[in-house]
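Not measured: the values here are computed from a predicted model.
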Amino acid sequence: MKFSLDTSVQRFGTVVTGGSPLKLFRLTPGGAALVDEIAGGSDASASALVDRFVDAGLLHPQPSTDAPAFTESDVTVVVPTLGIPANVPAGAIVVDDGSQPPVTDATIRLATNRGPAAARNAGLACVTTPLVAFVDADVDLPTGWLHHLLPHFNDDRVALVAPRVSVSPTAGAIGAYEQHGSPLDLGPHPARVEAGSRVSYVPSAAIVCRTDALRDVGGFDESLRAGEDVDLVWRLVEAMWRCRYEPASTVHHAARPTWATWARQRITYGSSAGPLAKRHPGALAPLRMSGWSIASWLLGISAHPVAGAAVGLGSAVALTRKLPDVPTKAAFRLAALGNARAGEQIANAVRRVWWPLILVAAWRSRTARRVLVAAALASKHPVRLADDVAYSVGVWKGMVTERTLGPLVPQISSWPGRSVARPAAAAR
């Protein structure tokens, strides 16, 4: 099989860094030769090292589309809908989730509205093919959308593959923003899907799954009205399945038509954080980084820029000593980039989770006021700021309902540069 190197990968002789979160591998000569072959476009045979790189996010499979183990005839499409569906693929199982009036010609009708998880499970119960695709009623599937997804199932460990979900071009400020800021669009680069990684979830707007794998983990959690897709992916990963994001396939989703429906969508997304945090402790940490990086930014924003710069410089120097196999200049650059990106992560956490607490502190603290202003300016777009605030309203709503503070709690390490690189066992 062919593989592509993740965009994060860097090579320093027998040392490779990359993946998400960024890891360091020390390679044997055989391992170094394998990396060279893959970088040169050669095929690679299955091996323990290839598996480790795939699971770490350094390598992304590019399975041949010439001889997939499954074809389109092996896929049953399930479309859950509340109201008249905008798009129904030919032969799909349409599940009417208690619509009033009922959806004409629906395959299955639930007597009451039970939510998307229950509707998908009802459709799953009728599937007899080895693969099932769940597609939302407002998603447009282009011809051949399965072409790049099905070959991933040649790997017996792959349980779920998701295409890129692009928002259809529409007029107005919402449509313009959604072209670049939609939470459904996870970008142009392939990825493994796992909590805490660059692509930590995929939306169930369009996903293809191994039917038996879904049944083995109990399908979607019907107690979740939102976040049921995130929960499913994380349970599959916990059960040792692989989940992949494949942007070579792109489907199209309609943007919300009004600001009110757009805001309700974001609040709904945020409200899933509370129940997900209880089911998957630590998976929703708003921040994962070294305490040194946090200290550097807090000192800088609290009118102590020299002290902040000193802490950042000191942590970078400390990292170079912990990575003796990496050239000093490269290790220092890794640490410096990690500290720089930490500022963006902190600003995101403030806007999406912490701002109500900091707003209270701002009545008496000049530093808190600076943090709020800096976080707002870092959004770089007024609609992005509104997006984050709407999401945070949902987060707090979910925390109150579930009586948990899990979505507020960061993961902080004492190791300098944790947000940039993490040593791993020697690869062989």
Side-chain angles (χ1 to χ4, degrees), residues 1-65 148 151-152 154-158 187-194 196-199 237 240-248 288-290 315-341 413 415-428:
M1 184 185 295
K2 287 189 181 298
F3 295 85
S4 62
L5 294 175
D6 189 71
T7 56
S8 63
V9 171
Q10 296 186 65
R11 172 83 178 277
F12 309 102
T14 59
V15 172
V16 170
T17 63
S20 175
L22 215 59
K23 296 179 176 66
L24 179 145
F25 290 85
R26 294 179 176 88
L27 304 175
T28 63
L34 174 66
V35 172
D36 288 338
E37 291 171 4
I38 292 173
S42 299
D43 290 354
S45 300
S47 68
L49 178 56
V50 167
D51 276 347
R52 290 187 64 188
F53 278 177
V54 169
D55 290 335
L58 276 76
L59 292 183
H60 303 301
Q62 294 182 316
S64 172
T65 59
H148 290 285
H152 282 281
N154 291 0
D155 180 352
D156 291 339
R157 291 180 56 190
V158 169
H189 302 296
R192 91 191 198 283
V193 187
E194 185 174 335
S197 68
R198 175 171 58 84
V199 176
V237 172
M240 305 305 294
W241 289 99
R242 285 174 171 165
C243 299
R244 301 292 312 172
Y245 171 62
E246 180 50 82
R288 291 181 173 87
M289 65 177 57
S290 160
S315 66
V317 171
L319 179 63
T320 63
R321 296 176 179 175
K322 289 179 178 288
L323 302 177
D325 298 330
V326 178
T328 300
K329 183 177 180 180
F332 187 86
R333 183 170 62 251
L334 283 172
L337 286 174
N339 284 332
R341 291 168 182 160
S413 112
W415 187 69
R418 168 72 182 272
S419 60
V420 185
R422 183 171 64 187
R428 299 184 184 278

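Between Val199 and His189 the shortest side-chain heavy-atom distance does not fall below 4.5 Å. Counting heavy atoms from C-beta on, the side chains of Leu22 and Ser8 come closer than 4.5 Å. Contact annotation: the side chain of Arg192 never approaches that of Val54 to less than 4.5 Å [non-hydrogen atoms, C-beta and beyond]. Looking at Val16 and Val9, their side chains come closer than 4.5 Å, going by heavy atoms from C-beta outward.
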* To do: Assess whether side chain to side chain contact (heavy atoms under 4.5 Å, CB included) is satisfied between Leu24 and Val15, documenting all intermediate values.
  => CA-CA 7 Å; Leu24 179 145; Val15 172; 3.8 Å; yes
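In this structure, Phe3 has its ring center no closer than 6.0 Å to that of Phe53.
Contact between Glu194 and Ser197 at its shortest, heavy atoms only, is O-OG, 2.6 Å. Taking each heavy atom of Val50 and Ser45 in turn, the nearest pair found is CG2-O, 3.6 Å. Of all heavy-atom pairs between Leu49 and Gly31, the closest is CD2-CA, 3.5 Å.
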Quiz: residues 55-62 side-chain donor-acceptor pairs under 3.5 angstrom, not counting sequence neighbours:
{"unit_1": "Asp55", "atom_1": "OD1", "unit_2": "Arg242", "atom_2": "NE", "d": "2.9"}
{"unit_1": "Asp55", "atom_1": "OD1", "unit_2": "Arg242", "atom_2": "NH2", "d": "3.3"}
{"unit_1": "His60", "atom_1": "ND1", "unit_2": "Arg244", "atom_2": "NH2", "d": "3.0"}
{"unit_1": "His60", "atom_1": "NE2", "unit_2": "Asp6", "atom_2": "OD1", "d": "2.7"}
{"unit_1": "His60", "atom_1": "NE2", "unit_2": "Pro190", "atom_2": "O", "d": "3.3"}

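Atom CG of Asp156 sits about 8.0 Å away from atom CH2 of Trp241, to the nearest 0.5 Å. Here Thr17 contributes atom OG1 and Arg26 contributes atom CZ; the two are 11.5 Å apart, rounded to the nearest 0.5 Å. In this structure, CG in Leu27 is found 9.5 Å from CG in Asp36, a value given to the nearest 0.5 Å.
Remark: the backbone N or O of Gly13 is paired with a side-chain donor or acceptor of Arg11 at under 3.5 angstrom. Although no hydrogens or angles enter the test, the distance criterion places no donor-acceptor pair under 3.5 Å between the side chain of Lys2 and the main chain of Ser64.
Applying the side-chain hydrogen bond (donor to acceptor under 3.5 Å, both in side chains) rule to Arg157 yields no partners; only residues at least two apart in sequence or on another chain are considered.
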